[in-house]
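Comments concern the structure below.
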2 protein chains.
Amino acid sequence: MTDGSKSNKVNMKTLAKVLNVSIATISKALRDSHDIGDDTKQRVIETARLLHYVPNPYASSLRKRSSNTIAIVIPEIADSFFSQAINGIETIVDLEKYHALIYLTHDSYEREKQMFNDLTSGRVDGILMSVASNTEDISHIQDLQQAGVPIVFFDRVCEDIPTAKIKTDDFNSAYMATSHLLDQGCKNISLVTIEGYPSILQAREEGYKKALAERDIEANDANSISCSNKYTNENIEVLKEHIQKVKPDGIIATVEHLATTTYLACEELKLNIPNDIKVVCFTNQITASILNPSLTTILQPAYEMGRKAAELLFGHLTGKPIQLEKENIILPSKLIVRNSTRIPD
Amino acid sequence: MTDGSKSNKVNMKTLAKVLNVSIATISKALRDSHDIGDDTKQRVIETARLLHYVPNPYASSLRKRSSNTIAIVIPEIADSFFSQAINGIETIVDLEKYHALIYLTHDSYEREKQMFNDLTSGRVDGILMSVASNTEDISHIQDLQQAGVPIVFFDRVCEDIPTAKIKTDDFNSAYMATSHLLDQGCKNISLVTIEGYPSILQAREEGYKKALAERDIEANDANSISCSNKYTNENIEVLKEHIQKVKPDGIIATVEHLATTTYLACEELKLNIPNDIKVVCFTNQITASILNPSLTTILQPAYEMGRKAAELLFGHLTGKPIQLEKENIILPSKLIVRNSTRIPD
DNA sequence: TTTATTTGCTTAAACGTTTACCTAAATTCG
DNA sequence: CGAATTTAGGTAAACGTTTAAGCAAATAAA
């Protein structure tokens, strides 16, 4: 509503008029078609530059039936894993001169479904996604695939959809984390998860159980505690109650924000980490090393996962002989040992 | 899947044929035009639902010359401020049934310029942005505005562009942070900034200087130290060198990732926080409270800033009587005092 | 009753590209 | 030298919507 700006739109018609050629010539010249002579091409390109011609993406998308756009569908963004993954994705999107729409499901199946319905419109050429933790019915994903939109999953994958999946070794890293705690002398390790329970958490739980089983420790249901996936003070209470009841000497926090929750709960209970209780968390936060005490973490290759997912999708989109349904890539996470699991002197 | 359909694109033409009416009738019925009778409308809507009709956004955008899409242009995403701001933005984008393209400048003027050039194409109806720290020439932004694309700045604003700006009180919060350090007994406070120096850091420096001046302390150039804006180990060395040379007893870290850098530098120098040196950082990281020691922070209202920026943009887009150039909103940051600035017993 | 208005729908022209199909001149080839 | 081919473009029909303009029938006004 600002001004009466002229908004002198220059389009192919303008260029055609100026150069006294047909619109087709303009289009072909700009796309470097063999149909057009070199000198004409040069004149077209030069004039386009001079008049600041920028092609209309919507006209182009409509006609070509492809959008040069992908969707990134993730549960949340205020999370170091996802924001680092987006960084990796963006590297490739930028390289391929594509555009990325971002959608947050807030871990809600309903929202995810609604978004997917919209995406059947041809708005995007492909999708990179981490599924919502409470998604059970996957027909919306199947429908989209049927509609011909390629999907690549990363981190929170949907096993039942035949397409590329980029995961980290959740089972193994939880196994490593648990074994590490056992090595450090823990006898009673609790696993803190979140409600909704995405499949990756299931893998983490299994890794945890395997490590216990290996040392002939029976996994006790009471040792599994589930918090809200919102970062909230209520979780502190839930966790405190759990700790008081079960009295664990080790805790594995399976999602990022539970690190803060765990530390604060221990502080309020006057439990010393690592003397009274040892803690490992799945998190990519750079502050892990300067926490009080520094936090032993499972560091996920977030950037690389995002990047790899994007590479696969674009490989497929640009017609490289990539069979998405054959790709199932597992990038390793690392256990970074710090003071929160140290054995007291 | 559900209705055994192949990827049979159903468009208005399909619906028109099925219902034996014209395409115009379909279009108008779906947009609830007064031209169409109620029973016809019902039949159209019902059939559209049955056949899973989803409108083609590109055809619609082309014809309407508007895209229902905005761009979010930010320097980086692996930063709690920006990811929380996106959360706020997304709330409104979702509410308005819009779509959001995300672009990362990586704090590079060149990239920013290139992105803006593309955005003159009509790809988006508006832009929410935080400018790159090394952007000096603003002609790309002016050009876009001339082209009629509304822009709303948040956090890293561009003062010379007449449009809405959502800021936090950088001057005042740096003043508060500095005064707090002085109150806690600091005599020699260093300000850690980053190269490129966006205008908000300038405001922070001025707030810092004012607090010093108020107590008759002369701001010494040697107390300003500039790091790379990448989170890198080199910064630790730069900072260590600075600390050894200037021997500050207080540090204000003006961007998020410098908190970790500062803590690690102090640790390597065997300096105790807060006994030997006190630290305040501008950061929204939720781990601040569990750092070693817990970190006194300036907490910015990131979510609210993103949300407010989006509200203003959409207010303008939906024709509400909002004059963007008149909006200059300042949301307050909070000083959260923790142990990193505690006076030793 | 005639005339004006409203209702409900159709026709067709945009929006800006891309591309299959022509065409006329220039070049190559046998 | 005539025929075939290549070169360098032009024509026009898409792509799927939206919307101005039109139009017949029904309704209201006079």
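The figures that follow rest on heavy atoms only: side chains count, while hydrogens, waters and symmetry mates do not. The sequence lines fix the lettering, A, B, ..., with proteins before strands; numbering per chain opens at 1. Given the structure is predicted, the values throughout are model-derived calculations rather than measurements.
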Kindly write out the residues that satisfy ring-ring contact (aromatic ring centres under 6.0 Å, His included) with A:Phe81, not counting sequence neighbours, or none if the list is empty.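 ring-ring contact (aromatic ring centres under 6.0 Å, His included) check on A:Phe81 returns nothing, list empty.
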
Counting only side-chain N and O atoms of A:Thr40, is one of them less than 4.0 Å from OP1 or OP2 of D:dA8? no

Let me know the distance between [atom1] of [X] and [atom2] of [N], rounded to the nearest Å.
{"X": "B:Ile36", "N": "D:dT19", "atom1": "CD1", "atom2": "P", "value": "13 Å"}
{"X": "B:Arg43", "N": "C:dG8", "atom1": "CZ", "atom2": "P", "value": "13 Å"}
{"X": "A:Asp32", "N": "D:dA8", "atom1": "CG", "atom2": "P", "value": "13 Å"}
{"X": "B:Leu19", "N": "C:dG8", "atom1": "CG", "atom2": "P", "value": "17 Å"}
{"X": "B:Lys41", "N": "C:dC9", "atom1": "NZ", "atom2": "P", "value": "10 Å"}

Does A:Ala29 offer a backbone N or O that forms a donor-acceptor pair with the side chain of A:Ser33 under 3.5 Å? no

Quick one: side-chain contact (heavy atoms from CB on, under 4.5 Å) partners of A:Ser121, sequence neighbours excluded? A:Asp118, A:Arg123, B:Val54, B:Pro57

Taking only residues two or more places apart in sequence or in another chain, which ones pass side-chain contact (heavy atoms from CB on, under 4.5 Å) with A:Ser60? A:Lys64

Which residue pairs satisfy the ring-ring contact (aromatic ring centres under 6.0 Å, His included) criterion with at least one member in [range], sequence neighbours excluded?
{"range": "residues 116-154 of chain B", "value": "B:Tyr109-B:His140, B:Phe116-B:His140"}
{"range": "residues 83-102 of chain A", "value": "A:Tyr98-A:Phe314, A:His99-B:Tyr103"}
{"range": "residues 14-43 of chain A", "value": "none"}

With a 4.5 Å cut-off on side-chain heavy atoms, are A:Pro162 and A:Gln145 touching?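 They are in side-chain contact.
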
For A:Asp125, which residues count as a salt bridge (Lys or Arg N to Asp or Glu O under 4.0 Å) partner, sequence neighbours excluded? none

Only counting residues at least two apart or in another chain, list the ones meeting salt bridge (Lys or Arg N to Asp or Glu O under 4.0 Å) with A:Asp107. A:Arg156

Output side-chain donor-acceptor pairs under 3.5 Å for residues 10-20 of chain B, partner residues at least two apart or in another chain, one line each.
{"unit_1": "B:Asn11", "atom_1": "OD1", "unit_2": "B:Lys13", "atom_2": "N", "d": "3.1"}
{"unit_1": "B:Asn11", "atom_1": "OD1", "unit_2": "B:Thr14", "atom_2": "N", "d": "3.1"}
{"unit_1": "B:Asn11", "atom_1": "OD1", "unit_2": "B:Thr14", "atom_2": "OG1", "d": "2.9"}
{"unit_1": "B:Thr14", "atom_1": "OG1", "unit_2": "B:Asn11", "atom_2": "N", "d": "3.0"}
{"unit_1": "B:Thr14", "atom_1": "OG1", "unit_2": "B:Asn11", "atom_2": "O", "d": "3.3"}

Could you go over nucleotides 26-29 of chain C and give all protein N or O partners under 3.5 Å, atom names and distances?
none

Between protein and nucleotides 16-23 of chain C, map the contacts as a letter string: B base, S sugar-phosphate only, - none, heavy atoms under 4.0 Å, written 5' to 3'. BBBBBB--

If a pair means Watson-Crick or G-U wobble with both distances below 3.5 Å, what does DNA chain D look like in dot-bracket form, with | marking bases paired to a different strand? ||||||||||||||||||||||||||||||

